[in-house]
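Please find one structure pasted underneath; my questions will follow.
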Amino acid sequence: MNPTTVAPITAAEPPTAPSRTDFLSKSTPRWCPGCGCFGVLKSLTATYAGLGMPRERLVTISGIGCTSRLPYYTATYGFHTLHGRAPTVALGVKLANPELSVWVISGDGDALAIGANHTLHLLRRNPDIKMLLLNNQIYGLTKGQASPTSPRGMVTRSTPYGVPDTPINPVNLALAAGATFVARVADTDGAMMEEVFAAAHAHRGVAFVEVMLNCVTFHDGAYAKITDHETRDDYALAMRPGQPLLYGKQQRKALVADHGRILALPLGDAEAVPEQALRHDPQSADTGLAQQLALMGPPDLPCALGIFRQVQAPVYGLDPKHDQEA
Amino acid sequence: MNPTTVAPITAAEPPTAPSRTDFLSKSTPRWCPGCGCFGVLKSLTATYAGLGMPRERLVTISGIGCTSRLPYYTATYGFHTLHGRAPTVALGVKLANPELSVWVISGDGDALAIGANHTLHLLRRNPDIKMLLLNNQIYGLTKGQASPTSPRGMVTRSTPYGVPDTPINPVNLALAAGATFVARVADTDGAMMEEVFAAAHAHRGVAFVEVMLNCVTFHDGAYAKITDHETRDDYALAMRPGQPLLYGKQQRKALVADHGRILALPLGDAEAVPEQALRHDPQSADTGLAQQLALMGPPDLPCALGIFRQVQAPVYGLDPKHDQEA
Amino acid sequence: MNPADTAVDLPDPDLIQVQTMDEITVKFAGDSGDGIQLAGQKFALLASAAGETVRTLPDYPAEIRSPAGSLGGVSGFQVRTGSAGIYTAGDRIDLLVAMNPAALRSNLGAVKANGIIILDESAFTAANLAKADFSGNPLEDGSLRDYRVFPVPIGKLTRGALKSLGLSNKQTSRSRNFFALGLICWLFPRPPAAVEAWIAQRFAATPELAKANHLAFHAGWSYGETAEYFVNPVRVAVDPQRRTAGVYRFVTGNAALARGLVQSARRAGLSLFLGGYPITPATEVMQEIGRYRDPDVRMFQAEDEIAAIGSAIGAAFAGALGATSTSGPGLSLMGEFLNLAVIAELPLVVIDVQRAGPSTGIPTKSEQADLLQALHGRHGESPLPVLATAMPADCFDTVVEASRIALRYMTPVVVLSDLSLAGSAEVWREPTLDELPEFTVHRAAASADFQPYRRDPETLARPWAVPGDPGMEHVVGGLEKAIDSGAVCYQPENHAAMVQLRHDKVAGIAREYPASTVHGDADARLLLLGWGSSFGPIREATDQLRRHGHSVACLHLRHLNPLPRDLGELLKRHRAVLVIENNSGQLWQLLRAEYLLDLQRLNKVQGTAFRIAEIADAAASLLETLA
Amino acid sequence: MNPADTAVDLPDPDLIQVQTMDEITVKFAGDSGDGIQLAGQKFALLASAAGETVRTLPDYPAEIRSPAGSLGGVSGFQVRTGSAGIYTAGDRIDLLVAMNPAALRSNLGAVKANGIIILDESAFTAANLAKADFSGNPLEDGSLRDYRVFPVPIGKLTRGALKSLGLSNKQTSRSRNFFALGLICWLFPRPPAAVEAWIAQRFAATPELAKANHLAFHAGWSYGETAEYFVNPVRVAVDPQRRTAGVYRFVTGNAALARGLVQSARRAGLSLFLGGYPITPATEVMQEIGRYRDPDVRMFQAEDEIAAIGSAIGAAFAGALGATSTSGPGLSLMGEFLNLAVIAELPLVVIDVQRAGPSTGIPTKSEQADLLQALHGRHGESPLPVLATAMPADCFDTVVEASRIALRYMTPVVVLSDLSLAGSAEVWREPTLDELPEFTVHRAAASADFQPYRRDPETLARPWAVPGDPGMEHVVGGLEKAIDSGAVCYQPENHAAMVQLRHDKVAGIAREYPASTVHGDADARLLLLGWGSSFGPIREATDQLRRHGHSVACLHLRHLNPLPRDLGELLKRHRAVLVIENNSGQLWQLLRAEYLLDLQRLNKVQGTAFRIAEIADAAASLLETLA
Ligand SMILES: Cc1ncc(C[n+]2csc(CCOP(=O)(O)OP(=O)(O)O)c2C)c(N)n1
Ligand SMILES: Cc1ncc(C[n+]2csc(CCOP(=O)(O)OP(=O)(O)O)c2C)c(N)n1
Ligand code: SF4
Ligand code: SF4
Ligand SMILES: [Mg+2]
Ligand SMILES: [Mg+2]
């Protein structure tokens, strides 16, 4: 089994069910050939088709960036807003009409540089809005400047001597903001994207999904270790609720905690998964382990993929004047 | 010993040393009588006096709010900037002249509502700037609206039916942002303020200090459990590096971790502190425990005070073109 | 003039001769903890109940509380009451009630020569005098000789009256305002029973306080009756006004703005969404809306002004009437989003309650200097309608008009109010929903050839298809749009045409304005032209000048963009036009550019409204030069 | 006119007759992957080296890459070369090099009738034709009969030339631009050795590429020599220009802006701090500054535009020359901070490289529509100087002037450039530091009575005491300041006086301007008035009209606020004034308000600069009506 791919939802759909293409607009996407956005568009529209919601009740809202062009290519209602501001518009849409399914599409510059404040407050308020962060670790649309997720030292057009600061880890930040659903997927894994997007939709409250996105033009190969066929077994770990955290060829490496630090434990060929192996619990009240998993990554440890956290909390926008829950 | 008070720095100073009043301006503070700001002003000017820096090399920079009036009352250079924007101006000052000691004074609305983005990026960049967040859980200057730290359900002028969302925990957020020095103090404890402010100054990199501030006019008693003489033994825990985490009358309660959750363990009168008691390690590479301690508070657990984290990392603004460290 | 030699010695016999007055301006002033606002408001309500026309103006201390007794901590409430022709809270004070030395010092300059000053002599302690920067005691040093001063030991008498309750000094001193109110109510006179009933009701939750205030009020009243100071009560002469049946309320400008938004949405059959962020002096608009329990009236306190307007735009996209309220600094942050609303063509009302700028400026002082920003504070060619409010109750009507335009033309609209209207109040009968103008809402009906930017031929408004409407799914955004289809379009001629269309749509709004009405003779030699809160003083100055036989008229603009179509012609009818603004000449500049007319101007940028006399004097001198 | 019947059949004999031209406009166009910019730039540099005056204009595809061969993906580089009197990259194209059908389609409209088109016939495949929306093949269907078309199988020939290298098709196709460059270099002619040396140097790191490009270039050159198409090389007639000694550079507007900031700070003896945030078309300014290794030249990429300007203000407070660069949407976010800089009176240069608005608008198209925003995009009365750039190299001079004003008057200054200057380039000799004007820096000297707002009597600038300076500790901020002391002050008359002082300070800058110089007769019947990037076409239109005997002059404004003091008088000297802008009439509106003059206007809001002919035609018609 491929650790970065999880089984898609396979329930057979009646022949009259809407298909993915019903959710694609007539505009031809204008991304660079090979851009990771194509895969996201595909998975998102497939997810839309599977929600059982009519097209008009879906709203796709974005900021500005290559990735933020996505609403033009869906056949839902859409709003291509301002750089960094999609969460504010989305919240207004959702509060004005709670019946709508509202999706925010954002880039790493959009959501974490100019728009990080809105992202933070969206996540802490917990409205029933879904936000995808398409993280290519670069400003694509403006042709290659450093973003808040660009790794330290990276040379870009705006950092000829290397990025001088520590990147934001989007999943860690979302957890600290108190987001009730937090996940990470790779643009190459359509099946996992669809599964996670559908789970985000099903979640009652805010959902934040980081998509590791490859920008072929300005930062190609940023996630190669995690997504390439040759290396992904060793650098991608698909988390499963209740299951031990395993990865590697034949899942022969387990994560264990040692004095609060996470380590990889190689397992023998036939060795049973030991007791001490960490198990994934996205419903834990405590975000400590989730934050540690979020920070993990190559070269020492694998990058964790899947749902980090999924808990219930009062949903914002169910009017507090009328609904005692919120 | 009073757990919220720590011993002040007692080294006798030569008679010619500058005194606190040298760092006070001639303007009379215009805060409400009894406002917590008076105590902060006192401790900050005392700290300034103890730094051994000439007045002109100190710069006190604030946003807008009651608390942001503070620069007018110091005799240093000062900039009373715009609501939420003090970190941006401070960074410009520091980058233009790294010789200066730059202090940001901010309120909870200022730093965490309109200004949270700048706060976040200031902390992640790690310039050598000190930021005090005077958190009264309310908008004081505009006369009593909810802020991002107002507790859920609190009735304010802008939330007649109660605050509908989850407050931000400033220390937790600062830790997630990667701040290299993070602390929390109470406005009532001058000695601890002075000690922590001095440590912040000594730290090489960004320092973030949350001051729990009482607003007598619009949210009086917000921290009463933690600061009142009768209750503080049970609700305030002063953390000390390397020491076990103890509190309660005669320090007879210890914090322990059980399956990752923090619990209080009452100790017998003469009982030794058990092995399993958590010890404070502000230099831990892992912020997991610090974040758990940050989230702790009444009624079940005490509020942790002191320095949560203090680690070294490359300092921003040492020009990356010339200094290979950054 | 017959000033008392020393004001302290004896009650001035003049008082008797002024017992019946056409109008009177009373100011209550004291420490911000003295309950001044409450006493003043009650006095105003009583006057209004007596059929008088009432104008009020509160006067808060600077933004952070100052120590009790200090100059920075003085709070005031000015009430002017009289017949229908009054429009401001008064240039100068006839009767000042000063609860401490600081209140006296701050307001003395505004008291008329020979005016009456009632003051709490118990508060004239050495400490309080020092806090108010008095070197001597004005009660003793003759410095008040130009006024008729009545020192009353209000503090002492209140303590005495409340002795039976066994309260602390601090507690009794909280009732001093009721003593003062009692005294004033005797003086005018107002029915004490009504006040006593109100006290019982208002303090029902704290019977002890109710009792204390009742006793204090009663003591004040009795003091008036027994003290030899005041010989006769004052009566204000009133033209009996016929009031239409309906609910009357004492409404501040900010409350009227909030109410106007709510009723507009209801009239249009929509829900209202206001995204806001606190800022002086606009905060109450947001707070008022937050008090509704109606699920179709929603207030969202955002993390900043950008999020506030962004959420309002989102709500408008989703089919609500979107709104936001702020002041200058907030408006400066909203430019980018306002531009998005312009190009997305969504109905949005942006309220700017102006304060003195630039930058943080003077947050507690008034100004009308955001007009050019409202017009031009965005990059590119970005036209939108701008309206201004003139009086507290007019805030309601103006916001209704703004909402009507926003929906009918599918456009953001900026409403300019200001601090001097924000908190001042007047008695007002709210129109019923039926009485409001009709609203056009361009909700689109699904059709095979639906196009999100195909315009209504008359208004040039685009159709409003909102998420949830089947068959009309489309994407809006900030990139230039193709005519009709609304698709992204970079084509040069299309861009030029869209710039023109957006311009024409806004310009076309003026077609529907009612004819401009000049107050006074249509061919008066001098026209006084104003906008916003300068309405009151301009109107009264005009009336005053006309009473003195001058050929003056006035015109007040609600619509600042587009300007009324008949305005140019109208301006040319007068020998001179004086444009009167609390800024450095912003409307004046616009009118010069528009009509190439060499207009005169009168500007005041001092954080305070015009006094009637300032305008009347300037107009009179100008008239002389015309002669 | 003598159009070829079918362009394909035979080289047109006319070519021989145009061999020596006064000037020529060449456009290279192809897919964004085709290396068009590189080839175009090299060609321009060669022309410049030959002593010709060169103007260039790049033309990038819309912001996201489109599929290869599509219309959306076309990139272009236009070069006009000739004698000194040329100021634009040319209205229309004399010679188009089209590397694929999409490039042909996008540019055909701009090619002169009978103009030359060299195209890569290998790229005219069915697939590429379809991507460019051609139904037939223009090489075959006669649709190009009005042009002189020279199809060259560039792709095939390049592959052939590079065969020995054993590269893939994709790899060889990357050298097609060098083939084209070789052919054009033969045609004009340019010395091949210089190009070959440059290739060797530029691709030194990748010898394989160097080799390939060398071979392709050489093949192109040889093709010109051997193919029968081209009978004779073209020569451009040049007035030999005497160039002052110095370093000449081919500089874009954005690079000149960046360099201007750096040199200003150096001239003033200060460090430069630029806070920026990427945005088209301003990003290069920030990137250029980021490339300096000088510790006194610092670029900070902020989290947004608000932080960008905030950091620049902080740096200015700390004693640096503060700067930020952005485009319209960013400027819309900076209003609140600009206001702070106005009231704090700190030296700051804000560069707005304008693009087509409103809102996101058309990010890759040019416009001059942020003028009124620069003037009024802030709440309250908030005056600041505004300057505009006219040509790529003028960007340097204008920024130097802006920096000089910012420091001398202690004020933020807005510099308006635009997209059409941002990327277009000209050859320019940078002045040495000594040649720059003198800078006044008001650094304060400590004294017992230092006051942070006590002004220089001449300039009204306040002194600049910066953190680190002992004895002058003070606090600045956004609240209104007391005269001289700079303490917070809410006093009405002080506020009015400060508003006036800030106004007077900015207005006073105009005293120092040199006299305005009209190009042409001072009493011409018609004056063409412009600002910003419309300089080139206005200037050439004026010269053209004058050559045809019309009484026309032109005047170009660098200083838009305050306006030159002699401007009003100057405007009145002409029978008519035509104000020419790439917006809906913003300067026109300002001038009407200022001078009450009924000026004419010519506006174009199509995202593209004026063509010379558009201006000349409009002026000619206007002149007729004057007759
Ligand atoms: C206010 C504003 N500032 C700057 C820009 C320019 N801009 C457009 S997209 C972008 C960043 C894009 O980066 P990211 O969000 O990571 O999106 P990507 O293109 O990588 O998908 C910037 C800076 C803008 N459109 N608006
Ligand atoms: C752009 C802008 N928006 C709003 C305001 C109004 N305002 C001033 S202070 C403040 C909030 C104050 O709250 P906080 O930061 O917690 O400070 P405190 O007064 O409680 O110390 C607000 C909303 C402003 N000055 N500027
Ligand atoms: S620049 Fe990068 S992110 Fe943008 S479309 Fe191209 S590959 Fe995708
Ligand atoms: S309102 Fe609150 S925070 Fe502000 S000065 Fe008064 S007590 Fe302090
Ligand atoms: Mg990106
Ligand atoms: Mg606060």
Look at A:Arg124 together with C:Glu303 and state whether they make a salt bridge at an N to O cut-off of under 4.0 Å. no
Is there a side-chain contact between A:Leu95 and C:Phe273 (heavy atoms, below 4.5 Å)? yes
Can you measure from OG1 (A:Thr88) to CZ (C:Phe337) and round to the nearest 0.5 angstrom? 3.5 Å
Is there a donor-acceptor contact under 3.5 Å from the side chain of A:Arg57 to the main chain of C:Asp469? no
Indicate yes or no: at least one non-hydrogen side-chain atom of C:Glu473 is less than 4.5 angstrom from one of A:Val59. no
For A:Thr81, which atoms come within 4.5 Å of any heavy atom of chain C: side chain, backbone, both, or neither? both
Please report the interatomic distance CZ(C:Phe317) to CG(A:Leu100), rounded to the nearest 0.5 Å. 9.0 Å
To the nearest 0.5 Å, what is the distance between CD1 (C:Ile313) and CG (A:Leu82)? 7.0 Å
Rounding to 0.5 Å, atoms CD (C:Glu336) and NE2 (A:His83) come to a distance of 9.0 Å
Is a side-chain donor or acceptor of A:Tyr77 paired with a backbone partner of C:Gly468 at a separation under 3.5 angstrom? no
Contact between A:Phe79 and C:His474 at the side-chain level, heavy atoms closer than 4.5 Å - yes or no? no
The interface call for C:Val488 against chain A, heavy-atom contacts under 4.5 Å, is side chain
So, do A:His118 and C:Asp304 sit near enough that their side-chain heavy atoms are less than 4.5 Å apart? yes
Is it the backbone or the side chain of C:Ala316 that comes under 4.5 Å from a heavy atom of chain A, or both, or neither? neither
Okay, C:Leu346 and chain A: the region with an atom under 4.5 Å from a heavy atom over there is side chain
List for me each residue that meets salt bridge (charged side-chain N to carboxylate O under 4.0 Å, His left out) alongside C:Glu305, sequence neighbours excluded, and say none if there are none. none
Is it true that atom NE2 of C:His503 has more than 12 heavy atoms of other residues, nucleotides or ligands lying nearer than 6.0 Å? no
Do you know which of C:Ala320, C:Ala318, C:Ala312 has the most heavy-atom pairs with chain A at a distance under 4.5 angstrom? C:Ala318
If every non-hydrogen atom of A:His80 is compared with every non-hydrogen atom of C:Leu340, which pair is closest and at what distance? O-CD1, 4.5 Å
